[in-house]
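Every chain is numbered from 1 and lettered A, B, ... according to where its sequence line falls, protein lines coming before strand lines.
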2 protein chains.
Amino acid sequence: MESQEAFAVFRKGISKFIEFDEAEWETVSRFLDLKKLKKKGHFAEPGIVCNEIGFILTGSVRYFNVKDGEEITGYFSFENELVSSYRSFLTRQPSLNYIQALEDTELVIITHKNMQAMLANPLLAYKMERFGRLVAEFYLICYEERMSSFITKTPEERYLDLLNTGREIIQRMPQHYIAHFLGITPVSLSRIRRRIMRAA
Amino acid sequence: MESQEAFAVFRKGISKFIEFDEAEWETVSRFLDLKKLKKKGHFAEPGIVCNEIGFILTGSVRYFNVKDGEEITGYFSFENELVSSYRSFLTRQPSLNYIQALEDTELVIITHKNMQAMLANPLLAYKMERFGRLVAEFYLICYEERMSSFITKTPEERYLDLLNTGREIIQRMPQHYIAHFLGITPVSLSRIRRRIMRAA
């Protein structure tokens, strides 16, 4: 994608959080970059500070931790969604997890340095603080819902929730990633799917 | 506590996020209230929208969900910490969990309406956006660390982390709350404690 076209997609994608007028946008766009990840390429990895927030133009990523040599998938992000190892990006400490492209993935990125520059820019400061607040709150809400669903819901209820979100996880992801995401084994997931299909 | 004294404690407590000059503070303090909870009183409960963010002056609270009649404790907050059912406060949807005072607890509170008023106040807007961003980011980081520790660490490692945080959870909380917080049974926690004591 050409950078001007890509930046326009980004502008529209984040408009649910914040809208910029032309003068502001002219400045914002100077702080944006493009990045391409090949399938299986890493956006973040343990032990390395994550220096970027990304916005996915095309493609998808998964978040995972490695435990006893096994990859435990915790989250996915798709087109029009933001992606970062936020704790690492915010605290400048090494990432705790991997973020890996599931297919060839194109992103608009904001580096940590550019984010700081925008937060310090008098023309942009207020809107960038607001953008940052709304994004952090959005992910805080995701975490809270996910934690609660693990405590109060059955794997089958979590699977039905996932179907109902209308997100593309179900169609595009390998079954064993979805199973991990739901906190169950692939065998249990097959059993749940059969049960739901019989009931439908 | 007298309200002026209480508000001064709050001002100092949140200074790690944001500092207000005298003119700003004079306005902020008009949007603050005091609240007292008796031991076992609820700050939030499922099915009800949480209308407040609190700052604990004295006392402590625990966050819990109820699953099959059993209380599953997920988090604690103590003096000088903020407390809210954030998803509910932010989205205006009913809370997913209880927040309950573990002892008589005094708080400074900001109602949702007062928070909106401060965010819309030209004198305060920028600093309140920044305050909101930094608070949301702080809790986002807590969630990310907690999720990662559940995936990658053993219960014993999580218990040692808890000892190392220097927070007062260990001294002041009943053992079965701590066990739930670590995602283990009280019996497993006793076993871990004995093992650590023998090793010390």
Side-chain angles (χ1 to χ4, degrees), chain A residues 17-18 44 46 50 63-68 70-75 84-98 115 119 122 124-154 157 180-181 183, chain B residues 17-18 44 46 50 63-68 70-75 84-98 115 119 122 124-154 157 180-181 183:
Chain A
F17 297 115
I18 197 92
C50 177
Y63 293 58
F64 67 95
N65 291 83
V66 174
K67 162 98 175 168
D68 302 331
E70 203 194 350
E71 297 177 356
I72 312 289
T73 297
Y75 205 70
S84 187
S85 190
Y86 292 101
R87 174 186 155 283
S88 175
F89 181 83
L90 295 170
T91 64
R92 319 310 297 141
Q93 291 174 43
S95 176
L96 297 171
N97 54 274
Y98 291 90
M115 183 60 94
L119 285 166
L124 301 178
Y126 170 74
K127 286 202 178 172
M128 291 309 293
E129 290 290 349
R130 186 172 171 85
F131 177 52
R133 173 172 74 87
L134 295 171
V135 168
E137 287 177 353
F138 179 84
Y139 286 98
L140 191 59
I141 291 164
C142 288
Y143 264 115
E144 198 175 316
E145 288 177 349
R146 192 156 153 69
M147 285 285 240
S148 265
S149 80
F150 266 89
I151 295 172
T152 61
K153 294 188 177 178
T154 64
E157 287 169 332
H180 276 151
F181 178 73
Chain B
F17 296 116
I18 197 89
C50 177
Y63 293 59
F64 68 94
N65 291 84
V66 174
K67 162 100 176 167
D68 302 331
E70 203 194 350
E71 298 178 356
I72 311 288
T73 298
Y75 204 69
S84 187
S85 189
Y86 292 102
R87 175 186 155 282
S88 175
F89 181 83
L90 296 169
T91 64
R92 320 307 299 142
Q93 290 173 43
S95 177
L96 298 171
N97 54 272
Y98 291 90
M115 182 62 91
L119 285 164
L124 300 179
Y126 170 75
K127 285 201 178 173
M128 290 310 292
E129 290 291 350
R130 186 173 171 84
F131 177 51
R133 174 173 73 86
L134 295 171
V135 167
E137 288 177 353
F138 178 84
Y139 286 99
L140 191 59
I141 291 164
C142 288
Y143 263 115
E144 198 177 316
E145 288 178 349
R146 193 158 153 71
M147 284 285 238
S148 265
S149 79
F150 266 89
I151 295 171
T152 61
K153 295 187 177 177
T154 64
E157 287 168 332
H180 277 150
F181 178 74

(request) Name all residues meeting the side chain to side chain donor-acceptor pair (under 3.5 Å) criterion together with Ser84(B); count only those two or more places apart in sequence or in a different chain, and write none if there are none. (result) none
With rounding to the nearest 0.5 angstrom, report the [atom1] to [atom2] distance, [X] to [Y].
{"X": "Arg133(A)", "Y": "Arg130(B)", "atom1": "CZ", "atom2": "CZ", "value": "14.0 Å"}
{"X": "Arg87(A)", "Y": "Cys142(B)", "atom1": "CZ", "atom2": "SG", "value": "10.5 Å"}
{"X": "Met147(A)", "Y": "Tyr75(B)", "atom1": "CE", "atom2": "OH", "value": "9.5 Å"}
{"X": "Asn65(A)", "Y": "Ser149(B)", "atom1": "CG", "atom2": "OG", "value": "10.0 Å"}

(request) Would you mind telling me which of Leu90(A), Thr91(A), Asn97(A) makes a side-chain contact (heavy atoms from CB on, under 4.5 Å) with Glu144(B)? (result) Asn97(A)
(request) Heavy-atom distances under 4.5 Å only: say whether Lys127(A) touches chain B with side chain, backbone, both or neither. (result) neither
(request) Name the region of Val66(A), side chain, backbone, both or neither, that has any atom closer than 4.5 Å to a heavy atom of chain B. (result) backbone
(message) Looking at chain B, which one of Tyr86(A), Tyr126(A), Tyr143(A), Phe131(A) has the largest number of heavy-atom pairs inside 4.5 Å, strictly under?
(response) Tyr143(A)
(message) Between Glu129(B) and Met128(A), is the side chain to side chain contact (heavy atoms under 4.5 Å, CB included) condition met? List the steps.
(response) CA-CA 9 Å; Glu129(B) 290 291 350; Met128(A) 291 309 293; over 6 Å; no
(request) Against chain A, label Leu140(B) side chain, backbone, both or neither, depending on which of its atoms sit under 4.5 Å from a heavy atom there. (result) both
